[in-house]
Visitor: 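Below you will find the structure I want to go over with you.
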Amino acid sequence: MKKQFLSLLIMGVFVADISAQSFTNKITVPIPKELQKGTIVSAKKTDNNQFEIVLSSKPKKEMVFKQYIFDQDLNKVEENDITFETFKTKNKHTELEGTKDLPRFVQVNKTMLFQELKIEKGYLQRTYNSFSDRPDLNYHSDKLVIEEKMTVKSDDERKLVPILTMYVDDEPITPRSLGYNEPGYYAKGDLVVLCEVFPKLFVKEEKQPGMGVGCAGISLAYCAVRFNAENLNTIKKVLIPFDYVQKTEVKKEIQGKRILLITKDYPGKAPVSMGIDKYYNTGSKRRTVTIVNKEGTVEAQYNFDGLEDMEVWDVEEAESGNIYITGKINQKKNTSFFVAKLVNKQLEYITQTTTEELKTNISKPASDKKFITFDENLKNHSCVYKGLFELANGHVLFVYQQKDGEKRTNLHYLQFDQTGKLFKEYTNALAEDFTAQYTRPTGNAHINMNININQDNTFSILIQEEVEGKGKYMRVAKVNFMTGEFGEFISSGQPTDGDKNKYFLDKQYPMLINSNNEVILVGKSDKRDALWLTKLKVD
């Protein structure tokens, strides 16, 4: 049995051996009015194989908690009130004394001029309320404190323009609000920054060859810099020079804490001659793959020849180490989708799929009447890449999602065989249209959507987690990647004839893993007046 999963944002997904699926043993428990504006602050499986859920009131001087205990069949067997009184301090909280032992982090903050690299060091000053017992229920929040900052240049005093930041330590330090962690926007410890090197202008060619070549967005050199979170020191600064001016196509963090950069030889001519034409490889189709590790060192760098009019959209390294590159071919009459596969630093194949092939090789749930074919995305790149799966039969599956402004609608799964030929396009509309419900602290809207595929050689189970206006829910379908059949979805928490309410997964504690191929889903009603549990049974 081969198992793979793709967790596209912050929430892990249950993986099991699956041949069928169902939601069973639904239970709802009314939530007292004083707790309806609070949160779930604890959800766990106990030592005696029962399930404990703890709800809290909103933070105040005297916190009210309610504990529920459920058995294996989700019958409620116990219900208890717990009351804790916070420390009676002037500000109704106590602040940690001193900052010596608080974890430090560094972050990138671009300057206004050329978006030059600026590094800031700081810590999160944590405040909390302490209760008499149950320290797992202690409320605390964090305040960002910046201690030092500095602007960083290359060793030869050229400006560095940051294009990607990678934290070396994945452990997040995030504001916390009574059991709910906002998706992390600061990570503990050191970081590596990949930068374009902005050229020094008006430098004589014979004095410093290539020094004045390039401009913002096209560079003759990149630079990887690693910073220390404790003292703001630059641990390592590695220049990555090129023979020809490069244009950045894709840069992203990949597995194993590494940065993958794809650049192409800039196709245009030198903006002015002055003897610098030799740095412009005009008409070239060559791409360069550069991989930088968490030490800030170049781990690998190699080239391959692309196709005429090729526009790279996305790149991904699979668990096998194979690298896949996707995008489109920009030809007026024959726009097509391309897939390239790199194995052991060599190009194994690069293929094109026409819009006609995408239109005529589609599989979808029979009840789905709102589907949109993927070829409609090619013209305007109106889709968002979600990731890939290498399937048990040797095929590869690319996941895209239709976008319409802030809305995210249809999902598309493009399956290609071992030679890069399209096998099937699967598509399905979401149960409801949904949009970004909140933004990161940076102000960038983002979408929660998790997709999981469990598979063997005869079938797969596709699990989607969707967000609508008031929360997230899960739905599951069976797909046969050998025959191309796409089954019907079943959804958790949806209205039924006996219960017209909707129930959404909890943000912090969405699921509990149980034995016997079961996962317990945890959440509330859309009106927040009922606690909700149900089993996802997979056999």
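Bear in mind that the values here come from a model prediction, so they are computed numbers and not experimental data.
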Visitor: Checking Glu253 against Tyr167 for the side-chain hydrogen bond (donor to acceptor under 3.5 Å, both in side chains) test, could you report, in this order, the C-alpha distance in whole Å, the side-chain angles of both residues, the deciding distance, and whether it holds?
Guide: CA-CA 10 Å; Glu253 182 179 333; Tyr167 283 94; over 6 Å; no

Visitor: Give a yes or no on whether the backbone of Ala318 and the side-chain of Glu390 come within a donor-acceptor separation of less than 3.5 Å.
Guide: no

Visitor: Which atom names give the shortest non-hydrogen contact between Glu311 and Phe338, and what distance separates them?
Guide: O-CE2, 3.5 Å

Visitor: Is any side-chain heavy atom of Val108 closer than 4.5 Å to a side-chain heavy atom of Ile119?
Guide: yes

Visitor: With rounding to the nearest 0.5 Å, note down the distance linking OG1 in Thr263 to NZ in Lys247.
Guide: 12.0 Å

Visitor: Is the side chain of Asn393 donor-acceptor paired with the backbone N or O of Phe481 at a distance under 3.5 Å, no angle test?
Guide: yes

Visitor: Is the shortest distance from a Lys or Arg side-chain nitrogen in Glu316 or Lys252 to a carboxylate oxygen in the other one below 4.0 Å?
Guide: yes

Visitor: List the steps and the verdict of side-chain contact (heavy atoms from CB on, under 4.5 Å) for Glu425 and Ile362.
Guide: CA-CA 5 Å; Glu425 175 194 339; Ile362 296 173; 3.9 Å; yes

Visitor: Are Gln246 and Asp265 close enough that a side-chain donor and a side-chain acceptor fall under 3.5 Å?
Guide: yes

Visitor: Closest heavy-atom contact between Thr354 and Ser336?
Guide: CA-CB, 4.1 Å

Visitor: Between Tyr385 and Tyr400, is the ring centroid distance below 6.0 Å?
Guide: yes

Visitor: Should Lys502 and Pro495 count as side-chain neighbours, where that means a heavy-atom distance under 4.5 Å?
Guide: yes

Visitor: Looking at Tyr413 versus Phe389, is the centre-to-centre ring distance below 6.0 Å?
Guide: no

Visitor: Between Gln115 (side chain) and Pro162 (backbone), is there a donor-acceptor pair under 3.5 Å?
Guide: no

Visitor: Please find the pair of heavy atoms, one from Met166 and one from Lys294, that lie closest to each other, and give the distance.
Guide: CE-CA, 3.7 Å

Visitor: Indicate yes or no: at least one non-hydrogen side-chain atom of Thr290 is less than 4.5 angstrom from one of Gln301.
Guide: yes

Visitor: Between Thr427 and Gln402, is there a side-chain heavy-atom distance shorter than 4.5 Å?
Guide: no

Visitor: Less than 4.5 Å apart, any side-chain heavy atom of Ile325 and any of Phe304?
Guide: yes

Visitor: For side-chain contact (heavy atoms from CB on, under 4.5 Å), just list the numbers for Ser154 and Leu160, CA-CA rounded to whole Å, side-chain angles, deciding distance to a tenth of an Å, and then say yes or no.
Guide: CA-CA 6 Å; Ser154 67; Leu160 298 179; 4.0 Å; yes

Visitor: Classify the side-chain pair Lys478/Asn480 by whether it contains a donor and acceptor separated by less than 3.5 Å.
Guide: no

Visitor: With sequence neighbours left out, what residues match Thr534 under side-chain contact (heavy atoms from CB on, under 4.5 Å)?
Guide: Phe23, Lys26, Leu521, Trp532

Visitor: To the closest 0.5 Å, what do you measure between CG (Leu260) and CD1 (Ile254)?
Guide: 4.5 Å

Visitor: Ring centres under 6.0 Å, that's the criterion: do Tyr222 and Phe242 meet it?
Guide: yes

Visitor: Examine the side chains of Gln508 and Thr39 and answer whether a donor and an acceptor come within less than 3.5 Å of each other.
Guide: no

Visitor: Can you confirm whether Phe416 sits close enough to Phe398 that some side-chain heavy atom of one is under 4.5 Å from a side-chain heavy atom of the other?
Guide: yes

Visitor: List the residues meeting side-chain contact (heavy atoms from CB on, under 4.5 Å) with Asn25, not counting sequence neighbours, and say none if there are none.
Guide: Asp73, Leu74, Lys535

Visitor: Does the Thr28 side chain pair with the main chain of Ala530, one donor and one acceptor, at a distance under 3.5 Å?
Guide: no

Visitor: Output all residues satisfying side-chain contact (heavy atoms from CB on, under 4.5 Å) with Asp375, sequence neighbours left out; order by chain, then residue number.
Guide: Thr355, Leu358, Lys359, Thr373

Visitor: Could Glu348 and Lys341 be called an ion pair, given the rule that one side-chain N must be under 4.0 Å from one carboxylate O?
Guide: yes

Visitor: Name all residues meeting the side-chain hydrogen bond (donor to acceptor under 3.5 Å, both in side chains) criterion together with Lys264; count only those two or more places apart in sequence or in a different chain, and write none if there are none.
Guide: none

Visitor: Quick one: pull up CG in Asn303 and CZ in Arg286 and give me the separation to the nearest 0.5 Å.
Guide: 4.5 Å

Visitor: What residues, two or more places apart in sequence or in another chain, satisfy side-chain hydrogen bond (donor to acceptor under 3.5 Å, both in side chains) together with Asp417?
Guide: Thr419

Visitor: Where do Gln255 and Gly321 come nearest, in terms of heavy atoms and distance?
Guide: NE2-N, 4.5 Å

Visitor: How about Thr297 and Glu295: does a side-chain donor come under 3.5 Å of a side-chain acceptor?
Guide: no

Visitor: Is there a side-chain contact between Asp368 and Phe486 in this structure, where contact means two heavy atoms from C-beta onward sitting under 4.5 Å apart?
Guide: no

Visitor: Tell me, please, which residues at least two apart from Gln418 pass side-chain contact (heavy atoms from CB on, under 4.5 Å).
Guide: His395

Visitor: Scan His412, Gln415, Lys364 and name whichever one has a side-chain hydrogen bond (donor to acceptor under 3.5 Å, both in side chains) with Tyr426.
Guide: Gln415

Visitor: Hey, does the side chain of Arg528 reach the backbone of Asp526 with a donor-acceptor pair shorter than 3.5 angstrom?
Guide: no

Visitor: So do Asp314 and Val250 actually touch side chain to side chain, heavy atoms under 4.5 Å?
Guide: no

Visitor: So, for Gly487 and Ala477, which heavy atoms are closest and what is the spacing to 0.1 Å?
Guide: O-CB, 4.1 Å

Visitor: Would Tyr280 and Tyr266 count as a side-chain contact (heavy atoms from CB on, under 4.5 Å) if you check the C-alpha gap in whole Å, the side-chain angles of each, and the deciding distance to 0.1 Å?
Guide: CA-CA 7 Å; Tyr280 289 79; Tyr266 184 65; 3.8 Å; yes

Visitor: Are Thr326 and Leu388 close enough, and set up right, to give a side-chain contact (heavy atoms from CB on, under 4.5 Å), and what steps lead you there?
Guide: CA-CA 11 Å; Thr326 58; Leu388 65 81; over 6 Å; no

Visitor: Nearest heavy-atom pair of Ser363 and Gly484: which atoms, and what distance?
Guide: OG-O, 2.6 Å

